[in-house]
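Keep in mind that what you see is a predicted model, and the values were worked out from it rather than measured.
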Amino acid sequence: MLELASLEPVDYLAIGHVAVDISPTGKQLGGTVSYSALTACALGLRVGIVTSAGEDAPLQALEDIQIVNVPSEHSTTFENIKTESGREQILHHQAAPILFDHIPQVWRSAPIIHLAPIARELDPALAGKLSGSLVGVTPQGWMRAWDEN
């Protein structure tokens, strides 16, 4: 993770939790923020991520991307289990929420801002606070529901 003083402006800002996905082969990086940031980087854009993750997050694939991390005891962790009736998804852990104040000032006017919640970590009102840029939303994290089990 970078010190805030060393942050450079970005062309594409992704905001949301990176995920730890538990698969039959072990833990792997997941989450819309991870995949969209890697895609934008491959397209030659200067990329930044604002996320919340714990020490358990396998962030090696994102090493060339500027990341601001809101510390959390655990990363948001999902396990997907195939069943005869479809997929069962288990949310094992949820990282800390991401607030407007966590977004560095230098990134708040990025030309492209992508709100990509996966577990209700962003307030939907955040979109209105970032107007002036192209603000895109992947709403899955606002639509997903779970119980205490």
Side-chain angles (χ1 to χ4, degrees), residues 1-81 87 89-146:
M1 302 314 139
L2 297 171
E3 295 293 325
L4 292 182
S6 68
L7 293 175
E8 307 240 344
V10 296
D11 305 308
Y12 177 89
L13 174 61
I15 306 170
H17 285 167
V18 296
V20 174
D21 289 338
I22 300 172
S23 73
T25 60
K27 293 181 179 180
Q28 59 189 35
L29 182 65
T32 304
V33 163
S34 302
Y35 300 127
S36 64
L38 287 167
T39 301
C41 190
L43 292 171
L45 298 177
R46 297 173 301 164
V47 178
I49 294 174
V50 177
T51 193
S52 179
E55 302 266 332
D56 56 335
L59 300 177
Q60 298 81 1
L62 303 175
E63 67 186 6
D64 294 330
I65 295 173
Q66 298 180 84
I67 300 173
V68 170
N69 184 40
V70 177
S72 188
E73 183 177 352
H74 298 283
S75 300
T76 296
T77 305
F78 289 103
E79 181 176 10
N80 295 306
I81 301 168
R87 178 184 78 168
Q89 187 171 63
I90 300 169
L91 175 62
H92 289 283
H93 299 288
Q94 186 178 11
I98 301 168
L99 308 175
F100 178 74
D101 290 342
H102 293 133
I103 304 168
Q105 184 70 37
V106 68
W107 289 357
R108 291 181 186 173
S109 60
I112 303 168
I113 298 175
H114 182 184
L115 302 179
I118 59 171
R120 297 188 201 151
E121 68 272 23
L122 303 177
D123 181 344
L126 184 61
K129 294 179 180 180
L130 298 166
S131 60
S133 300
L134 171 63
V135 179
V137 175
T138 303
Q140 72 174 344
W142 291 326
M143 300 164 61
R144 184 176 273 140
W146 58 89

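Nearest heavy atoms, A19 versus F78: CB-CD1, 4.3 Å. The shortest non-hydrogen separation linking I118 to Q140 is CG2-NE2, 3.5 Å. Nearest heavy-atom pair across Q28 and T25 is OE1-OG1, 4.5 Å. Pairing each heavy atom of A37 with each of V47, the nearest pair is CB-CG1, 3.7 Å. Here the closest heavy-atom approach between residue V20 and residue A57 is recorded as CG2-CA, 3.8 Å. Heavy-atom minimum distance, I103 versus V50: CA-CG2, 4.3 Å.
Using a 3.5 Å distance cut-off with no hydrogens or angles, the side chains of H17 and S75 do not pair a donor with an acceptor. Inspection of the T76 and E121 side chains reveals no N or O donor paired with an N or O acceptor under 3.5 Å.
Each of T32, L13, V33, V135 was evaluated against H114; a single residue qualifies, T32, per the side-chain contact (heavy atoms from CB on, under 4.5 Å) test.
Atom CD of residue Q105 and atom CG of residue L7 lie 12.0 Å apart, to the nearest 0.5 angstrom. Separation of atoms CG (L99) and CG (L126) is listed at 9.0 Å; rounding is to 0.5 Å. L59 contributes atom CG, which lies 6.5 Å from atom CG of L29 (distance to the nearest 0.5 angstrom). The CH2 atom of W107 sits 11.0 Å away from the CD1 atom of I113 when rounded to the nearest 0.5 Å. Going from atom CD1 of I22 over to atom CD of E79 covers 5.0 Å, rounded to the nearest 0.5 Å. The CD1 atom of I90 sits 9.0 Å away from atom CG of N80, with the distance rounded to the nearest 0.5 Å.
You'll find the side chain of D11 stays beyond 4.5 Å of the side chain of I112, heavy atoms only. By the 4.5 Å heavy-atom criterion applied to side chains, V18 and I67 are not counted as neighbours. With a 4.5 Å cut-off on side-chain heavy atoms, L43 and Y12 do not count as touching.
In this structure a side-chain-to-backbone donor-acceptor pair under 3.5 Å is present from S52 to A96. Using a distance-only test at 3.5 Å, with no hydrogens or angles considered, a donor-acceptor pair links the side chain of N69 to the main chain of A53. The backbone N or O of Q66 sits nowhere less than 3.5 Å from a side-chain atom of R46 that would complete a donor-acceptor pair. At distances below 3.5 Å, at least one donor-acceptor pair connects side-chain atoms of W142 with backbone N or O atoms of L122.
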